[in-house]
Novice: 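To start, I am sharing the structure in question, which I have written as structure tokens.
Each ligand, and each atom within it, is numbered from 1 in the order the structure gives. The structure displayed is predicted, hence computed values, not measured ones. We're numbering straight along the sequence, starting at 1.
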Amino acid sequence: MEIQLWRQILEPYQLAVDELVVKFLHVKQQYQNARKYSPIEMVSGRVKKVSSILDKAKRKGIGIEELEEKIEDIAGIRLICQFVEDINTVVEIIRNRSDLEIKQEKDYISQSKASGYRSYHVIAYYTVQTIGGPKKLEVEIQIRTLAMNFWSTIEHSLQYKYKEHMPDELRERLLRAADAVEVLDNEMGSVRDEIMDAQNSNKQRATIISDILGNIENLYYVANR
Ligand code: 0O2
């Protein structure tokens with residue numbers, strides 16, 4: 001397929017990713033402005049590379065004409081949480097949004113994949129406005145903790161390096177590391193309230209200081225007018 005045609009296909013997906021990243025960052029901002037704990041810690045997004053789309057299509061026997069219909073993660077959003085408990089809150093936020101229509105949810109947290117991979121996936125329909133009119137497309141939203149993300153980033157690079165030939169010993173080590181991630185997340189969950197208290201009071205202190213500085217600036221401005 002020609003590069004220009006790929007550009008045309010992928011452009012609305014880039015728009016969807018850009019818009020959703022802004023929207024989820026804004027969710028985080030709204031919690032912060034309301035001086036509440038945000039269940040979303042980090043937001044990122046990407047459009048799948050053409051080479052990855054073609055790899056996946058080949059792996060799954062998907063024809064070029066059915067790529068958009070059958071590959072659900074051409075547009076990918078990742079929402080990173082601090083604690084496992086936050087994941088449910090984030091999923092609920094997504095379920096309640098009127099701009100996202102959920103197609104499917106995949107819970108790889110209750111039931112991890114054979115590799116040890118843990119994450120919660122929501123496949124949703126999202127409509128972007130293009131010069132050719134509205135286009136409804138699919139986006140995959142991956143929701144996971146910082147610890148799950150650490151594991152999956154490392155494992156993804158190793159998968160990329162070894163393809164189907166990952167040594168058994170390395171595979172086992174990764175499974176053990178996945179168990180350790182689960183233990184870490186559970187431990188952190190058990191002290192969640194304390195950590196949240198500490199973070200909130202740090203944030204409150206920072207907000208008070210920035211409010212005072214803002215007021216001093218305003219007074220200075222008024223006094224020197
Ligand atoms: P990339 O490079 O991230 O885009 P399946 O039919 O289950 O094999 P499907 O239908 O793509 O795969 O759905 P699934 O399993 O929900 O996977 C979608 C994405 O989740 C993957 O996209 C990965 O990003 C992530 N993922 C799934 N399994 C694993 C895993 O074992 N390890 C890691 N690190 N990530 C995983 P891609 O296209 O595979 O990869």
Novice: Are M148 and V43 in one and the same hydrophobic cluster, where Ile, Leu, Val, Met, Phe, Trp and Tyr link if side-chain heavy atoms are under 4.5 Å apart?
Specialist: yes

Novice: Return a table of N or O atom pairs, ligand 1 on one side and protein on the other, at distances under 3.5 Å, rounded to 0.1 Å.
Specialist:
from, atom 1, to, atom 2, distance (Å)
ligand 1, 2 (O), H156, NE2, 2.9
ligand 1, 3 (O), H156, NE2, 3.4
ligand 1, 4 (O), R46, NH2, 3.1
ligand 1, 4 (O), K48, NZ, 2.4
ligand 1, 6 (O), K60, NZ, 2.8
ligand 1, 7 (O), K113, NZ, 3.1
ligand 1, 10 (O), K60, NZ, 2.7
ligand 1, 11 (O), K56, NZ, 2.4
ligand 1, 13 (O), K106, NZ, 3.1
ligand 1, 15 (O), Y108, OH, 3.2
ligand 1, 15 (O), K113, NZ, 2.3
ligand 1, 16 (O), K106, NZ, 3.3
ligand 1, 16 (O), Y108, OH, 3.0
ligand 1, 16 (O), H121, ND1, 3.1
ligand 1, 20 (O), Q142, NE2, 3.2
ligand 1, 22 (O), D73, OD2, 3.2
ligand 1, 24 (O), Q142, NE2, 3.2
ligand 1, 28 (N), K113, NZ, 3.3
ligand 1, 31 (O), S115, OG, 2.6
ligand 1, 32 (N), E155, OE1, 2.7
ligand 1, 32 (N), Q159, NE2, 3.3
ligand 1, 34 (N), S152, O, 3.1
ligand 1, 34 (N), E155, OE1, 2.9
ligand 1, 38 (O), K48, NZ, 2.4
ligand 1, 38 (O), K56, NZ, 3.0
ligand 1, 38 (O), D73, OD2, 3.4

Novice: If every non-hydrogen atom of A114 is compared with every non-hydrogen atom of L175, which pair is closest and at what distance?
Specialist: O-CD2, 3.5 Å

Novice: Quick check: closest heavy atoms across L100 and A124, and the distance to 0.1 Å?
Specialist: CD2-CB, 4.0 Å

Novice: Show your reasoning for whether side-chain hydrogen bond (donor to acceptor under 3.5 Å, both in side chains) applies to Q14 and D18.
Specialist: CA-CA 6 Å; Q14 188 61 58; D18 292 345; 3.0 Å; yes

Novice: Measure across I74 and L67 and return the closest heavy-atom pair with its distance rounded to 0.1 Å.
Specialist: CD1-O, 4.2 Å

Novice: Could you name each residue pair satisfying side-chain hydrogen bond (donor to acceptor under 3.5 Å, both in side chains) that touches residues 85-97, not counting sequence neighbours?
Specialist: Y37-D86, D86-R192, E92-R95, R95-E105, R97-D99

